[in-house]
Amino acid sequence: MPESGTQNEIVVQGIAASQGIAYGQVFLYVKNDVEFPSYQIDADKRVEEIARFEQALLVTRQQIQKIQAEVEKNLGNEEARIFDAHLLVLEDQALIAETIREFEQTSKNIEVCFNNVSQRYIKAFAEIDDEYLRERAGDIRDVAQRVIQNLLGQTGQNLARLADKRIIIANDITPSDAASIDRSHAIAVVTDSGSKTSHAVIVARSMRCPAIVGMRDLTKRVKDGDWVIVDGYDGSVIINPAEQTLFRYGKIQIQKRGIEQRLHEANRQPSITLDGVAVPIRANIEKVDELQLVKDNCAEGVGLFRSEFLYLHNNHIPSEQEQYMAYKAAAESMGGDSVTIRTLDLGGDKPMAGNPDLFSVEANPFLGFRAIRFCLEHVDLFKDQLRAILRASAHGKVLLMYPMISGAGELERANAILDECRAELRRNGMPFDEDMQVGTMIEIPSAAATADILARKSDFFSIGTNDLIQYTLAIDRGNDRIAHLYEPTHPAILRVIHNVVAEAHKQKRKVSVCGEMASDPVYAALLLGLGVDELSMTPPLIASVKYLVRAMKMSDARALAGKALKMESPVEIYAMCEQFANERMVME
Ligand code: PEP
Ligand code: MG
């Protein structure tokens with residue numbers, strides 16, 4: 001990890017993933033399995049050891065009640081109810097009595113005894129043939145971890161409750177961690193691992209806060225409370241910045257804010273190129289509470305609703321009714337603008353914790369049991385979601401799309417299940433839009449290669465470039481070691497997109513891009529030049545893409561793409577696209 005700096009100031013370089021500058025104190029979030037020593041307790045210390053256990057249970061209880069009260073205040077009653085299950089674990093007399101029995105028999109320190117017993121419970125619950133009880137395994141794991149941390153005198157961490165404005169520096173942030181981030185207090189997100197398309201970054205972008213990934217071992221070099229600058233433009237973190245550095249960054253921040261202000265003023269204008277081509281720009285969202293952000297950023301509806309976040313939030317499988325309420329809220333709040341709901345995309349980089357029966361550990365999760373593959377094997381869960389989406393279509397302009405389709409067979413099976421859902425709703429007299437459009441995400445090379453076949457069976461395409469790039473170039477999108485090889489301007493990517501668009505257009509199907517590529521003005525012109533009809537992105541990034549659209553001619557973008565398709569070097573293609581964007585994004 002390169003570094004430089006003056007006096008006590010240390011500059012550490014990573015990969016810039018979300019723009020912006022933040023200055024503040026570090027909240028260090030290092031997630032490891034809690035490690036604890038194993039030792040014998042002398043006979044005369046036994047009473048003390050049991051008292052230590054009771055004290056840890058008491059402290060844990062107080063901590064959980066405090067979190068529950070805060071969650072209730074900030075997120076509502078329903079979200080807070082999850083902690084009831086955690087409190088019940090702490091009251092479980094069998095678990096407590098068994099721990100004490102194990103202690104009396106082995107004389108091992110209480111951490112070891114409690115861990116042994118709770119692991120047995122976790123295993124037993126995980127194997128039960130009842131969904132509700134199986135979910136309790138996750139609760140026991142969480143609570144056990146907390147009790148052991150308290151026994152060791154460690155403070156537990158939680159991204160959902162930051163005491164004040166903080167810069168999160170983490171070794172890793174899972175999608176469910178990301179879903180729980182305290183959005184009112186996090187001012188930047190920095191991770192040792194990860195890539196530009198990891199979900200922590202997607203969340204940071206939706207919060208309009210800077211993010212940097214690929215910092216390798218930064219978490220070992222900063223402490224909780226250290227003061228740092230996060231420069232999300234060039235990907236550096238400055239630990240203990242000197243006075244003159246703070247001054248320089250203060251000036252940059254004022255300048256950037258001015259530009260942002262002007263971009264947002266221009267954002268109220270329609271998204272039309274100088275030569276009169278309309279380019280709908282829609283929003284990517286994960287939760288219903290982002291709908292206001294969609295409106296504030298003048299998106300023409302939602303182009304990607306990542307529905308799996310309803311599942312990842314609290315690790316709970318939502319019922320048909322719960323999903324219906326969320327999708328209906330989105331449809332209603334967008335008025336006549338469309339809302340494209342993507343069916344469940346769990347697995348891969350989005351595993352669902354606490355459900356080992358649904359998702360087992362896989363050697364290659366990105367090539368494994370995820371998204372549509374999972375839904376086609378869990379038809380009941382899938383049908384709950386499809387019915388919920390269909391029912392929401394009675395309340396606005398709803399579109400549905402399937403993620404990770406690899407070929408026509410999967411698409412046909414998914415559509416057959418959708419037809420069954422339509423028939424069920426008709427039988428029950430429940431209204432839905434009979435003409436709801438159903439699209440296919442193009443994220444896998446085999447889908448791109450069979451775009452002609454898929455276009456005949458789809459109403460539209462949405463290209464998920466985050467995955468399409470990782471699968472085409474064989475670059476794990478979450479692996480910082482090879483992040484430099486993740487090149488959206490690789491000639492292979494240009495050709496794949498060009499071919500998908502051509503096949504779709506032959507059959508009069510529209511093509512959107514909803515991967516991160518769409519949100520960067522440098523790539524946006526290239527995509528539009530390749531024939532892409534619509535773009536969808538995290539709301540705060542709409543303003544700069546719309547600014548470019550309004551400052552360019554589509555004919556120039558087509559010429560740019562035509563030239564790029566003949567070039568060989570990703571770096572040279574990038575430089576050409578960057579120049580195209582820079583020449584048009586001048587703001588005097
Ligand atoms: C994509 O792959 O580009 C996409 C939009 O889906 P996700 O990032 O959720 O995998
Ligand atoms: Mg994807």
Side-chain angles (χ1 to χ4, degrees), residues 17-18 173-176 178-179 194-206 211 213 281-287 290 299 302-313 339-352 365-375 399-406 410 439-448 460-479 483 486-488 490 493 496-497 500 511-520 523-524 527 532 534-539 541-542 545:
S18 173
I173 295 184
T174 64
S176 50
S195 75
K196 282 184 179 184
T197 61
S198 62
H199 275 81
V201 171
I202 291 170
V203 168
R205 287 177 163 201
S206 76
V213 296
I281 303 184
R282 309 195 202 281
N284 292 356
I285 62 164
E286 298 179 344
K287 296 188 205 156
E290 287 170 279
V302 173
L304 168 63
F305 187 151
R306 287 185 162 99
S307 64
E308 56 277 5
F309 283 85
L310 293 174
Y311 293 65
L312 288 172
H313 195 59
V339 176
T340 304
I341 301 168
R342 172 174 78 182
T343 60
L344 195 53
D345 185 5
L346 285 175
D349 60 336
K350 289 171 273 191
M352 197 171 170
F366 272 124
L367 303 181
F369 190 50
R370 68 176 281 202
I372 197 71
R373 301 167 185 182
F374 170 85
C375 290
L399 288 75
L400 174 156
M401 65 184 179
Y402 305 117
M404 300 291 295
I405 291 285
S406 65
E410 277 166 350
T440 297
M441 285 193 74
I442 305 291
E443 310 187 84
I444 302 184
S446 59
F460 65 93
F461 281 164
S462 185
I463 305 181
T465 47
N466 302 341
D467 279 315
L468 186 61
I469 297 170
Q470 87 160 338
Y471 294 126
T472 305
L473 302 181
I475 302 294
D476 177 344
R477 66 192 253 194
N479 184 340
Y486 188 96
E487 288 176 306
H490 193 294
I493 303 302
V496 168
I497 295 175
V500 169
V511 182
S512 164
V513 170
C514 62
E516 296 306 295
M517 215 178 153
S519 64
D520 185 334
Y523 302 125
L527 292 172
V532 166
E534 300 177 5
L535 302 170
S536 190
M537 63 202 67
T538 183
L541 300 183
I542 290 175
V545 173

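One-based numbering, in listed order, for ligands and for the atoms of each.
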When every non-hydrogen atom of Leu344 is compared with those of Cys375, the smallest separation belongs to CB-SG, 3.8 Å

Atom pair CG (Leu304) and CG (Leu399), whose distance is rounded to the nearest 0.5 Å: 12.0 Å

Looking only at non-hydrogen atoms, find the nearest pair between Tyr402 and Ile372 and report the distance. CD2-CD1, 3.9 Å

Table of N or O contacts for ligand 1, cutoff 3.5 Å:
{"residue": "ligand 1", "atom": "2 (O)", "partner": "Glu443", "partner atom": "OE1", "Å": "2.9"}
{"residue": "ligand 1", "atom": "2 (O)", "partner": "Asp467", "partner atom": "N", "Å": "3.0"}
{"residue": "ligand 1", "atom": "2 (O)", "partner": "Asp467", "partner atom": "OD2", "Å": "3.0"}
{"residue": "ligand 1", "atom": "3 (O)", "partner": "Gly464", "partner atom": "O", "Å": "3.4"}
{"residue": "ligand 1", "atom": "3 (O)", "partner": "Thr465", "partner atom": "N", "Å": "3.1"}
{"residue": "ligand 1", "atom": "3 (O)", "partner": "Asn466", "partner atom": "N", "Å": "2.8"}
{"residue": "ligand 1", "atom": "3 (O)", "partner": "Asn466", "partner atom": "ND2", "Å": "3.3"}
{"residue": "ligand 1", "atom": "6 (O)", "partner": "Arg342", "partner atom": "NH1", "Å": "2.9"}
{"residue": "ligand 1", "atom": "8 (O)", "partner": "Arg306", "partner atom": "NH2", "Å": "2.9"}
{"residue": "ligand 1", "atom": "8 (O)", "partner": "Asn466", "partner atom": "ND2", "Å": "2.9"}
{"residue": "ligand 1", "atom": "8 (O)", "partner": "Arg477", "partner atom": "NH2", "Å": "2.8"}
{"residue": "ligand 1", "atom": "9 (O)", "partner": "Arg306", "partner atom": "NE", "Å": "2.7"}
{"residue": "ligand 1", "atom": "9 (O)", "partner": "Arg306", "partner atom": "NH2", "Å": "3.4"}
{"residue": "ligand 1", "atom": "9 (O)", "partner": "Arg342", "partner atom": "NH1", "Å": "3.1"}
{"residue": "ligand 1", "atom": "9 (O)", "partner": "Arg342", "partner atom": "NH2", "Å": "2.8"}
{"residue": "ligand 1", "atom": "9 (O)", "partner": "Lys350", "partner atom": "NZ", "Å": "3.1"}
{"residue": "ligand 1", "atom": "10 (O)", "partner": "Asp467", "partner atom": "OD2", "Å": "3.0"}
{"residue": "ligand 1", "atom": "10 (O)", "partner": "Arg477", "partner atom": "NH1", "Å": "3.0"}

For the Mg ion (ligand 2): protein N/O/S atoms at distances below 2.8 Å: 2

Partner residues of Arg205 under the salt bridge (Lys or Arg N to Asp or Glu O under 4.0 Å) criterion, sequence neighbours left out: Glu516

Result for side-chain contact (heavy atoms from CB on, under 4.5 Å) between Pro403 and one of Arg370, Arg306, Glu443 points to Glu443

Atom pair OG1/CZ of Thr343 and Phe305 - distance to nearest 0.5 Å: 12.5 Å

Distance-only, no hydrogens or angles: does the Ser446 side chain make a donor-acceptor pair with backbone N or O of Ser406 under 3.5 Å? yes

Contacts of type salt bridge (Lys or Arg N to Asp or Glu O under 4.0 Å), residue Arg342, not counting sequence neighbours: Glu308, Asp345

Looking at every heavy atom in both Leu468 and Thr472, which two are closest together, and how far apart are they? O-OG1, 2.6 Å

